[in-house]
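Below, read A as the first sequence line, B as the second, and so on, with proteins coming before strands; counting in each chain starts at 1.
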Protein chains: 2
Amino acid sequence: MNKQRLTSTLNKAKQVCLEHGRKFTIQRKQILQILLTTDVPLSAYELASCYKLRTSSSVSVMSVYRILSFLESVNLVRRLNSANKYIAYGTDSEVFKRETSLFLICRHCQKVETLAVSQSDVAKLFPHFDDAGFTSQTKQFEMLGVCNECQAKLA
Amino acid sequence: MNKQRLTSTLNKAKQVCLEHGRKFTIQRKQILQILLTTDVPLSAYELASCYKLRTSSSVSVMSVYRILSFLESVNLVRRLNSANKYIAYGTDSEVFKRETSLFLICRHCQKVETLAVSQSDVAKLFPHFDDAGFTSQTKQFEMLGVCNECQAKLA
DNA sequence: TTTGGATATGTTATAATGTATCAATTGTGC
DNA sequence: GCACAATTGATACATTATAACATATCCAAA
């Protein structure tokens, strides 16, 4: 993500926080920025380390968890259940738009590609879902596999 | 799961192990039986506790993890990423048949409903994959939400 | 029959992930 | 300034998972 896009994304993020009546503190900004400028998902502990490296300051891991769940609650970051790690997206992402996402997670390079999944796509994937009488609260699906680039390298 | 179905499932499980040139030891059987006769997913530590309660013997948690990953490798149990817990199924289940599954996990009662997802269903999403050039190795999807019964109770 | 190798389990230690609790701080409106 | 809510710090602890090495068990080949 280039500098300009990063700045605009952080500005948009600030707006999102304010709209929720919450603050976009320096720590929240730093954590979000680290996630935005890293191309692999990071764990809470990795984020705490990164924070110490990148800034001259530090955060407790406890705070990282709190910051992450806050950012998650306002749809600025997502947690990957299959990795116990977190990712963030640019302003134009469907995560911002709160749509359902399909995460394609590469087992080799760890990079995550995100696809928007429409309700009709979900219906196609799970034709018998309606029969189950289940009310889904899930906004994301995760697929593990091998990405394009790694396949090429391995071949 | 009734007694007869349990017995036949355990017999089938033994066959599966033997077909893989592996053993169906007493501990593996007990762990599988606990999972089969519990209607909610259990963690490795919970399984170790259950084991102690149900049998006069015990297993180390380390062994439980090893047993679980073995049972998983021969498709007898599945791990739920969103809960860090494990489930097992009857002989007629699609888990035995190694198909892709959709797990509907109830946030209230913890029960898990399983739906089979055919390869062709997954393939319907493939236009997206082709764009992404991603090779999936995933055999399961997980949805969190509220099940039929809990909805009725809550209403 | 014994010995070698693969499989399975025991044991201990430690890493990694996550939560509870209470105190301190910061900022904002009154 | 003061009261109040939001945020963060700090400590302790709970939960989940793996590493490393030792021991046991079983079967097959010498």
Side-chain angles (χ1 to χ4, degrees), chain A residues 13-14 16-32 34-35 40-52 55-74 76-87 107 110 142 144, chain B residues 13-14 16-32 34-35 40-52 55-74 76-87 107 110 142 144:
Chain A
K14 181 172 187 175
V16 171
C17 291
L18 296 181
E19 281 164 16
H20 282 80
R22 314 293 294 277
K23 292 161 196 165
F24 192 56
T25 66
I26 182 70
Q27 291 185 327
R28 288 176 179 172
K29 181 179 175 181
Q30 290 285 6
I31 292 293
L32 185 58
I34 291 171
L35 284 175
V40 294
L42 297 175
S43 73
Y45 282 75
E46 287 167 342
L47 278 165
S49 300
C50 265
Y51 196 102
K52 199 171 278 180
T55 74
S56 51
S57 171
S58 72
V59 260
S60 67
V61 177
M62 187 66 254
S63 289
V64 175
Y65 276 108
R66 284 187 287 222
I67 288 165
L68 286 171
S69 39
F70 164 69
L71 292 176
E72 214 186 344
S73 76
V74 294
L76 290 173
V77 313
R78 286 282 181 98
R79 185 193 134 93
L80 297 179
N81 288 320
S82 48
N84 299 331
K85 290 174 193 291
Y86 299 80
I87 43 179
R107 282 209 157 99
Q110 321 307 324
E142 300 174 31
L144 295 173
Chain B
K14 180 172 188 174
V16 170
C17 291
L18 296 181
E19 281 164 15
H20 282 81
R22 313 293 293 277
K23 291 162 197 166
F24 193 56
T25 65
I26 182 69
Q27 292 184 327
R28 288 175 178 174
K29 182 178 175 181
Q30 291 283 7
I31 292 293
L32 185 58
I34 291 171
L35 284 177
V40 294
L42 296 175
S43 74
Y45 282 76
E46 288 167 341
L47 278 164
S49 300
C50 263
Y51 195 102
K52 198 170 278 181
T55 74
S56 52
S57 173
S58 72
V59 260
S60 66
V61 177
M62 187 69 254
S63 289
V64 174
Y65 275 107
R66 284 187 287 223
I67 288 166
L68 287 171
S69 40
F70 164 69
L71 292 176
E72 215 186 342
S73 76
V74 294
L76 290 172
V77 313
R78 286 282 180 100
R79 184 194 134 92
L80 297 180
N81 289 320
S82 47
N84 299 328
K85 292 176 190 292
Y86 299 81
I87 44 179
R107 282 208 158 101
Q110 320 306 326
E142 301 174 32
L144 294 173

Identify each atom pair where a protein N or O and an N or O of nucleotides 13-18 of chain D are less than 3.5 Å apart, giving names and distance.
from, atom 1, to, atom 2, distance (Å)
dA17(D), OP1, R79(B), NH1, 2.4
dA17(D), OP1, R79(B), NH2, 3.3
dA17(D), OP2, Y65(B), OH, 3.1
dA17(D), O5', Y65(B), OH, 3.4
dA17(D), N7, Y45(B), OH, 3.0
dA17(D), N6, Y45(B), OH, 3.4

Pick out the pairs of N or O atoms, protein on one side and nucleotides 22-26 of chain D on the other, that lie under 3.5 Å.
none

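A search for salt bridge (charged side-chain N to carboxylate O under 4.0 Å, His left out) contacts involving E72(B) returns nothing, not counting sequence neighbours. Applying the side chain to side chain donor-acceptor pair (under 3.5 Å) test to S82(B) and every residue at least two apart in sequence or in another chain returns E142(B). Qualifying side chain to side chain contact (heavy atoms under 4.5 Å, CB included) partners for S57(B), counting only residues two or more places apart in sequence or in other chains: Y51(B), T55(B).
Among pairs with a residue in residues 41-52 of chain B, those fulfilling salt bridge (charged side-chain N to carboxylate O under 4.0 Å, His left out) read E46(B)-K85(B), at least two apart in sequence or across chains.
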Cut-off 3.5 Å, no hydrogens considered: what does the side-chain donor-acceptor table look like for residues 20-32 of chain B, sequence neighbours left out?
from, atom 1, to, atom 2, distance (Å)
H20(B), ND1, V16(B), O, 2.9
T25(B), OG1, R28(B), N, 3.2
R28(B), NH1, K23(B), O, 2.8

For residues 61-68 of chain B, which side-chain donor-acceptor pairs fall under 3.5 Å, sequence neighbours excluded?
from, atom 1, to, atom 2, distance (Å)
S63(B), OG, S60(B), OG, 3.1

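L35(B) is listed as a side-chain neighbour of L47(B), based on a closest heavy-atom distance under 4.5 Å. Contact check for S43(A) versus N84(A): no side-chain heavy atoms found under the 4.5 Å cut-off.
Residue S60(B) is classed as a base contact, given a heavy-atom separation below 4.0 Å to a base.
Between G21(B) and S63(B), it is G21(B) whose nearest contact on DNA chain C lies nearer the 5' terminus.
In summary, contact between chain B and DNA chain C, defined as any nucleotide atom under 4.0 Å from a heavy atom of the protein, begins and ends at dT7(C) to dT11(C) in the 5' to 3' direction.
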### Task
Check the pair L80(B) / I87(B) against side chain to side chain contact (heavy atoms under 4.5 Å, CB included), numbers first and verdict last.
CA-CA 8 Å; L80(B) 297 180; I87(B) 44 179; 3.7 Å; yes

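One end of the helix from dT1(C)-dA30(D) to dC30(C)-dG1(D) points its axis 10° away from the other end's axis, with each axis taken from 5 pairs and the angle rounded to 10°.
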